[in-house]
Amino acid sequence: MKLSVIGCGYLGAVHAASMTSLGHEVIGIDVDPLKIEALAAGRAPFFEPGLPELLTAATATGRLRFSTDPAAAAEARVHFIAVGTPQLSDAPGADLAYVNAAVDGLLPLLGPGHLVVGKSTVPVGTAEALAERIRATGAELAWNPEFLREGFAVQDTLHPDRIVYGFASELITRDAGEVSAPGREILDKIYAEAIAEGAPVVVTDFATAELVKVAANAFLATKISFINAMAEIADATGADVSDLADAIGHDNRIGRRFLNAGLGFGGGCLPKDIRAFGARAEELGLGDSLGFLREVDQINLRRREHVVDLAAELLGGDVRGRRIAVLGLSFKPQSDDVRDSPSLDVAMRLHERGANVIATDPQAIKNAQLRAPGLPCDALENAVEGAELVILGTEWTEYRELDPRALGARVATPRIIDARNVLDPAAWSGAGWEYRGMGRR
Ligand code: UDX
């Protein structure tokens with residue numbers, strides 16, 4: 001099939017390359033000429049495991065092209081909207097400017113038989129409003145949220161654990177358990193491989209499809225903040241939050257995943273999605289229904305404050321002039337994304353308080369310096385040299401596997417905050433380190 005993908009960021013670039021690998025012919029469109037230039041040359045404009053190989057193979061087929069010209073989508077019949085919906089600069093709601101611009105660019109190209117497929121995360125009600133404008137051209141709209149995790153984006157796109165289609169409710173028909181809607185067959189063909197592998201397909205209305213995405217992210221954020229609230233209690237009572245998570249995680253109804261206490265969640269999705277969801281609920285007059293998400297956000301932001309305070313406490317009350325190494329700048333390992341990164345935030349706060357911070361990261365230094373130009377960053381060995389405190393802020397494998405004895409020989413004082421609870425406290429204490437975890441003995 002001939003597809004266009006509007007927006008070539010973490011979501012769109014992976015989607016475009018993945019769709020090509022499934023045999024489709026794809027044109028990726030983005031307003032950023034540098035991004036398009038890199039992608040057209042088969043280079044990934046950001047760090048995502050598996051993407052460079054996928055892009056090289058996909059561009060070599062000649063079936064994947066990129067352009068900055070919205071009119072280039074004219075040759076496709078199916079158009080995926082994969083642009084960002086960041087938080088508004090002055091309010092908690094989502095900024096829909098890019099989604100609206102993508103639709104504006106598509107409208108003149110649409111006609112009967114065309115399908116627009118929304119993948120961006122949007123406030124509930126958005127698809128309904130867009131559908132009216134799209135249907136005026138004779139085309140149809142479907143909402144097909146993406147659940148990919150950065151670091152696993154290729155795997156999650158090619159082998160999704162579920163596929164959700166949202167259609168205008170008045171166009172959905174049910175016949176002997178078979179759910180049909182205009183556009184369904186096209187989507188089934190596009191995702192034929194994943195469906196054949198057994199990925200469940202949920203067919204529903206626009207509002208539910210939009211909500212599935214934000215509800216999933218709100219649930220995950222709540223799970224993380226729940227365990228971080230337990231970490232606060234554990235710290236005050238001498239309990240151990242890692243043992244607690246293991247124990248409650250054995251209950252299948254709860255599950256162990258997303259119960260890692262630490263520095264909390266960040267990135268381009270969870271923080272902004274819970275805020276946008278809360279803002280949308282307020283608009284609907286249902287602010288109380290999602291009032292708990294404000295708590296989830298507060299607990300999450302308190303983690304950063306806690307690590308900064310703990311750093312000051314361990315250094316005798318004042319961080320000014322003290323050498324601190326911050327390990328990790330991306331919001332999670334296997335990513336160079338520093339959007340709302342907890343670790344970068346902690347590094348910046350300590351730097352702003354006058355600490356002599358040197359931060360490091362295997363992939364994200366460039367992005368961190370764009371966002372925080374004043375923050376000194378260097379390679380791991382230089383960051384730790386002479387440090388009076390080491391903070392592990394992002395759990396990259398190379399930091400999890402650090403040898404406490406070897407590292408002890410490089411720092412000025414063997415003192416560490418394991419803000420992701422990934423190190424073995426006994427091993428580090430045994431090697432002479434003053435070890436502090438998050439809600440851990
Ligand atoms: C998330 C969703 O998982 C994905 O389904 C959605 O499509 C986009 O948003 P992503 O932003 O890539 O994906 O990151 P995710 O793996 O969910 O992690 C989010 C944050 O939570 C990270 O900062 C991570 O460090 C933190 N986290 C995760 C914890 O603090 N504890 C945990 O137990 C798990």
Side-chain angles (χ1 to χ4, degrees), residues 9-12 14-15 46-49 51 82 84-87 94 119-122 144-157 159-164 209-210 212-231 241-242 244-246 248-249 254-277 296-297 299-304 306-307 328-346 361 364 392-396 399-400 418-422 437-439:
Y10 287 95
L11 164 60
V14 176
H15 190 68
F46 48 84
F47 176 77
E48 180 62 45
L51 182 59
T85 50
Q87 187 177 333
K119 294 199 84 65
S120 306
T121 304
V122 292
N144 171 224
E146 188 62 69
F147 305 101
L148 63 83
R149 298 160 296 167
E150 287 178 27
F152 301 90
V154 174
Q155 158 80 14
D156 287 352
T157 303
H159 310 284
D161 54 13
R162 80 283 213 191
I163 297 172
V164 176
E210 292 165 317
V212 167
K213 175 62 192 269
V214 283
N217 278 353
F219 191 88
L220 294 172
T222 303
K223 208 171 170 189
I224 299 168
S225 278
F226 175 84
I227 202 66
N228 279 327
M230 295 305 111
V241 78
S242 296
L244 172 78
D246 289 344
I248 64 172
I254 296 173
R256 181 62 178 82
R257 295 178 73 192
F258 273 69
L259 278 186
N260 295 322
L263 196 43
F265 58 82
C269 292
L270 263 45
K272 64 111 176 151
D273 284 353
I274 59 168
R275 290 171 200 149
F277 199 10
V296 166
D297 203 3
I299 293 167
N300 192 53
L301 295 176
R302 266 206 310 270
R303 303 311 293 164
R304 307 172 185 191
H306 172 65
V307 170
L329 289 164
S330 58
F331 83 103
K332 69 174 196 181
Q334 298 301 316
S335 172
D336 64 354
D337 192 349
V338 298
R339 286 176 294 172
D340 212 336
S341 163
S343 193
L344 174 58
D345 194 12
V346 164
D361 191 281
L392 193 164
T394 313
E395 67 278 30
W396 286 93
Y399 305 152
R400 301 171 84 122
D418 174 11
R420 292 291 178 181
N421 284 352
V422 289
M438 306 278 99

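All heavy atoms count here, side chains included; hydrogens, waters and symmetry mates do not. Just follow the structure's listing: the first ligand is 1, and inside any ligand the first atom is 1.
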Fill in the blank from the handout: min-distance protein heavy atom vs atom 10 (P) of ligand 1 -> K332 NZ, 3.8 Å
Practice task
Among D340, N217, T85, find the residue that satisfies the side chain to side chain donor-acceptor pair (under 3.5 Å) test when tested with K272.
Solution key: T85
Practice task
Before signing off on this row, confirm whether E395 and ligand 1 have an N or O atom pair separated by under 3.5 Å.
Solution key: no
Exercise for the section: Please confirm whether F147 comes within less than 3.5 Å of ligand 1 when only nitrogen or oxygen atoms on both sides are compared. Expected result: yes
Practice task
May I ask you to identify the nearest protein heavy atom to atom 20 (C) of ligand 1, giving residue, atom name and distance to one decimal place in Å?
Solution key: F265 CB, 3.5 Å
Exercise for the section: Provide the number and element of each atom of ligand 1 under 4.0 Å from a heavy atom of L259. Expected result: 33 (O)
Exercise for the section: Would you check the N or O atoms of C269, main chain and side chain alike, for any that come under 3.5 Å of an N or O of ligand 1? Expected result: no
Handout entry: Heavy atom of R420, distance to ligand 1 below 4.0 Å
Key = yes
Problem - Heavy-atom pair of closest approach, residues P49 and V154 - result: O-CG2, 3.9 Å
Practice task
Give the residue and atom name of whichever protein heavy atom lies nearest to atom 17 (O) of ligand 1, and the separation in Å to one decimal.
Solution key: F258 CZ, 3.3 Å
Fill in the blank from the handout: Closest non-hydrogen atoms of Y10 and R339, given as atom of the first, atom of the second and distance, are CD1-NH2, 3.4 Å
Problem - Contact with ligand 1 for K213, non-hydrogen, under 4.0 angstrom - result: yes
Exercise for the section: Name the option, out of Y10, F331, F152, that contains the heavy atom nearest to atom 23 (O) of ligand 1. Expected result: F331
Handout entry: Shortest non-hydrogen contact from V296 toward S225
Key = O-OG, 2.7 Å
Completion exercise
re atom 31 (N) of ligand 1, the protein heavy-atom contact at minimum distance is N260 O, 3.1 Å
Practice task
For S341 and L329, indicate whether the former's side chain and the latter's backbone hold a donor-acceptor pair under 3.5 Å.
Solution key: yes
Problem - Protein contact to atom 12 (O) of ligand 1 [nearest heavy atom, distance to 0.1 Å] - result: E150 N, 2.7 Å
Practice task
Look only at the side chain of S343 and the backbone of G328, and say whether a donor-acceptor pair between them is shorter than 3.5 Å.
Solution key: yes
Practice task
Work out which heavy atom in E146 is nearest to a heavy atom in K213; give both atom names and the distance.
Solution key: O-NZ, 2.9 Å
Practice task
Look only at interatomic distance and state if L220 has a nitrogen or oxygen under 3.5 Å from any nitrogen or oxygen of ligand 1.
Solution key: no
Completion exercise
If we number the atoms of ligand 1 from 1 as shown, the ones under 4.0 Å from a heavy atom of L270 are 1 (C), 9 (O), 19 (C)
Problem - Proximity to ligand 1 by part of N217, non-hydrogen separation under 4.0 Å - result: side chain
Handout entry: Any donor-acceptor N/O pair, N421 side chain to G262 backbone, under 3.5 Å
Key = no
Exercise for the section: May I ask you to check whether over 12 heavy atoms, not counting those of F147, lie within 6.0 Å of atom CZ? Expected result: yes
Handout entry: For L148, atoms of ligand 1 separated by under 4.0 Å from a heavy atom
Key = 4 (C), 6 (C), 7 (O), 8 (C)
Exercise for the section: State whether the side chain of T394 and the backbone N or O of S330 hold a donor-acceptor pair below 3.5 Å, judged by distance alone. Expected result: yes
Fill in the blank from the handout: Closest heavy-atom pair, L263 versus R304, reported as atoms and distance to 0.1 Å, is CD1-CA, 3.9 Å
Exercise for the section: Ignoring angles and geometry beyond distance, decide whether G266 reaches within less than 3.5 Å of ligand 1 through its nitrogen or oxygen atoms. Expected result: yes
Practice task
Inspect the contact between R275 and D297 and indicate whether a charged nitrogen and a carboxylate oxygen are less than 4.0 angstrom apart.
Solution key: yes
Problem - Polar proximity ligand 1 side, R149 side, N/O cut 3.5 Å exclusive - result: no
Practice task
Note the single closest protein heavy atom to atom 27 (N) of ligand 1, along with its residue, its atom name and the distance in Å.
Solution key: I224 CD1, 3.4 Å
Practice task
Heavy-atom contacts with E146 under 4.0 Å: which atoms of ligand 1 show up? List them by number with element.
Solution key: 7 (O)
